[in-house]
Number of protein chains: 2
Amino acid sequence: MPSHGRRPSIGRVAELAGVSPTTVSHTLNGRRPVSAATRKRVLEAIELLGYRPNALARGLRTSRSESIGLIIPDITNPFYPMLARGLQDVLGPAGYHEIISNTDGDRALERSAVEQMIVRQVDGIAFAVFHTHAEDLLPAIDVGVPVVRLGGRLVQEGVDLVHSDDEGGAAEATRYLLDQGYDRIGFVCGPRAEGPAAERVAGYLSALAERGVAADPELIAHTRFSRAGGDDGTERLLALPRPPRAVVCANDVMAIGALDAARRRGLDVPGELAIMGFDDIEAATLVSPRLTTMANPARKIGQACGRLLLDRLSGALTGPATETVVPARLVRRQSA
Amino acid sequence: MPSHGRRPSIGRVAELAGVSPTTVSHTLNGRRPVSAATRKRVLEAIELLGYRPNALARGLRTSRSESIGLIIPDITNPFYPMLARGLQDVLGPAGYHEIISNTDGDRALERSAVEQMIVRQVDGIAFAVFHTHAEDLLPAIDVGVPVVRLGGRLVQEGVDLVHSDDEGGAAEATRYLLDQGYDRIGFVCGPRAEGPAAERVAGYLSALAERGVAADPELIAHTRFSRAGGDDGTERLLALPRPPRAVVCANDVMAIGALDAARRRGLDVPGELAIMGFDDIEAATLVSPRLTTMANPARKIGQACGRLLLDRLSGALTGPATETVVPARLVRRQSA
DNA sequence: TTGAAAGCGCTAACAA
DNA sequence: TTGTTAGCGCTTTCAA
């Protein structure tokens, strides 16, 4: 084990092994042949000194940092850790590390996060914020850093897009209910159908249309994106003269609220009211009955993003921005 | 907006502003006075060129990367995002970024993560893995990188320790039940009381002792750390000739299992059986009745870790390793 | 199969 | 108040 003082440099290794720094460099990253004898001496010297390369120096020289920036609202929201993991699934083995920046959805923070990533010379950026204006990404594009936007629907020049199939997923959920003979199906939606929720209503509507079931506007309850909101919205639907016997909710948290409403009314789920959620959060398996839901493929989205970034970095993918849609998956449990 | 080609360097800014690179450097990080007129010219040049400093070059020169490494088992486990956020709460404003490495608890991965962090020249490491051997951190200590271990109880030379007060928290939970008149209180524990669970049983026992209540070994159910485990353990307790009327569980997931057991037996919670959890996971508010539990202060732990790191880095703190215990907080809800 | 030399972009003595 | 110079540790021509 090495002593103290400054960490040993490639030069000291070279010295000890009696070769040039060039040779040490090459035995380390094999860009040119090194004789077995030399390699052995170098490796021994490395071992002896406890030498480790300096990624900063290497990055400065090669102008690649082998790190990618992940800009998200809040790592505390369970969707994002999954995303991060997916990214790491593909980027990790390729030698990249992730630098994560939380913005709390604050526009100023988002912009400064992009700046920071450029300063830190990241090789790519994964940007997972819904409500940003396209121009916030311009600095990165300008500098030539590949950017992938996660979620949202904003198509932007120079920015690849990856998102889940919210519309298709909601359609599938609705079809699943339709297939079981329900014909009056409610939808518990957010205040104004913003973001993914808009797509999800669209999917609900299209599934209905596709099966020739008339959509009844009364059956769409606008409410808050929360457990209490899901409760209220469901309550309102249930109070209708001709209440639905099945509801699909814009997300799992609202579906858990729907469960509350059913319980309060003494309704058996799914016997008297079938409930479907969306996202498949951890709590979906923790409530009773367990939630039947559409899994929001966060990890898969992260993986797709990683692959995209890798392809851009290697030059395997060039040309205009692409759009990747990752399907949501039906998870049958007990509530529907 | 700048054109293309290589990103502008400090030299190009200097050129354009008609000053030396040194002056540009100093107007940027204010280590020495710069005349107002000069500063203005420099700033204009920066603006004009769209100049951004290169963190790699700076880091190489100063041998500080302004980043810290966070090594955890799995960012997908909700405890760790909270930790990460807490770290960022204090490190972010100080200009540090986090590099996160997931190890899945794999020893080889943990070791290589430490190596990677050193290679990337992180200024500090937060290491949140229970079952590692002390020697895995030696490379970092050897190189002089401050390391803080999160969780666990392993006191190690050169490694500051921050963990939650599992023992005190469990004692408080038990006391809370005792105060409500329960005298036969069960404890639903893990297989062999390993990790934090060991401390939690100890807290349970000490609260009992403190109040002069005899501990009945029958009332400690050893089972798996899972929802099903919590269900089984509680079931076993309930099947006793003199069953407890209150149980504290080693964690919330198990407490949710205890809820299952109560529901199956038609027991009112908390009327006929009071249930306490530990951790305050998100799902604790999602089940019915909502879980009364001890909040595991992940974010506070992260913050404490950040402060420690900052103090070590600034030299405000020197000397032997410290131990910081962060108290758990009682969260009264419905289940007890 | 190997080396010498230059330079990535920055900061910090030292000097003026 | 400002500039000159050297060098952080590495990779990469170019040359042998």
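Below, each value reflects all heavy atoms present in this structure, side chains not excepted, and no hydrogens, waters or symmetry copies. From a predicted model like this one, the values you see are computed outputs, not experimental measurements. Note on naming: letters A, B, ... go to the chains in the order of the sequence lines (proteins, then strands), and numbering restarts at 1 for each one.
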Separation of C/dA12 atom C1' from B/L60 atom CG, nearest Å, is 14 Å
Between CZ of A/R58 and C1' of C/dG9 the distance, given in whole Å, is 18 Å
Check against salt bridge (Lys or Arg N to Asp or Glu O under 4.0 Å), A/E66 and A/R120
CA-CA 11 Å; A/E66 314 241 285; A/R120 285 177 181 266; over 6 Å; no
Over all strands shown, is B/R31 touching base, sugar-phosphate only, or nothing at heavy-atom distances under 4.0 angstrom? sugar-phosphate
Taken to the nearest whole Å, CZ/A/R7 to C1'/D/dC8 is 13 Å
Lys/Arg N to Asp/Glu carboxylate O, A/D89 vs A/K300, below 4.0 Å
no
- Query: So does B/T62 reach the base of C/dA12 with its side chain, donor to acceptor, closer than 3.5 Å?
  - Reply: no
Report task. Could you tell me whether the phosphate oxygens of C/dT11, OP1 or OP2, come under 4.0 Å of any side-chain nitrogen or oxygen in B/S25? Result -> yes
On DNA chain D, more 5' by nearest nucleotide between A/L28 and B/P33 is B/P33
note: A/E66, atom CD; D/dT11, atom C1'; distance rounded to Å ~ 13 Å
- prompt: Hey, does the side chain of A/N54 come within less than 4.0 Å of D/dC8's phosphate (OP1/OP2), counting only N and O?
  reply: no
B/R52 atom CZ, over 12 foreign heavy atoms within 6.0 Å:
yes
* Asked: Any Lys/Arg nitrogen of A/E115 or A/R111 sitting under 4.0 Å from an Asp/Glu carboxylate oxygen of the other?
  -> no
Separation of C/dG9 atom P from B/E15 atom CD, nearest Å, is 13 Å
Between CG of A/L56 and C1' of C/dT11 the distance, given in whole Å, is 14 Å
- Query: For D/dG3, does either OP1 or OP2 sit under 4.0 Å from a side-chain N or O belonging to B/T23?
  - Reply: yes
- Task: Check whether the side chain of B/T22 and the base of D/dT4 form a donor-acceptor pair under 3.5 Å.
- Result: yes
Next on the checklist: Would you say A/S9 places a side-chain N or O within less than 4.0 Å of OP1 or OP2 belonging to D/dC8?
Outcome noted: no
Here the distance between atom P of C/dT11 and atom CZ of B/R64, to the nearest Å, is 11 Å
Does B/A17 offer a backbone N or O that forms a donor-acceptor pair with the side chain of B/R41 under 3.5 Å? yes
Separation of C/dA6 atom P from A/R61 atom CZ, nearest Å, is 13 Å
Regarding the side chain of B/S35, the nearest nucleotide among D/dC10, C/dT11, D/dT2 is D/dT2
Among the nucleotides C/dT1, D/dC10, D/dC14, whichever has the atom closest to the side chain of A/R32 is D/dC14
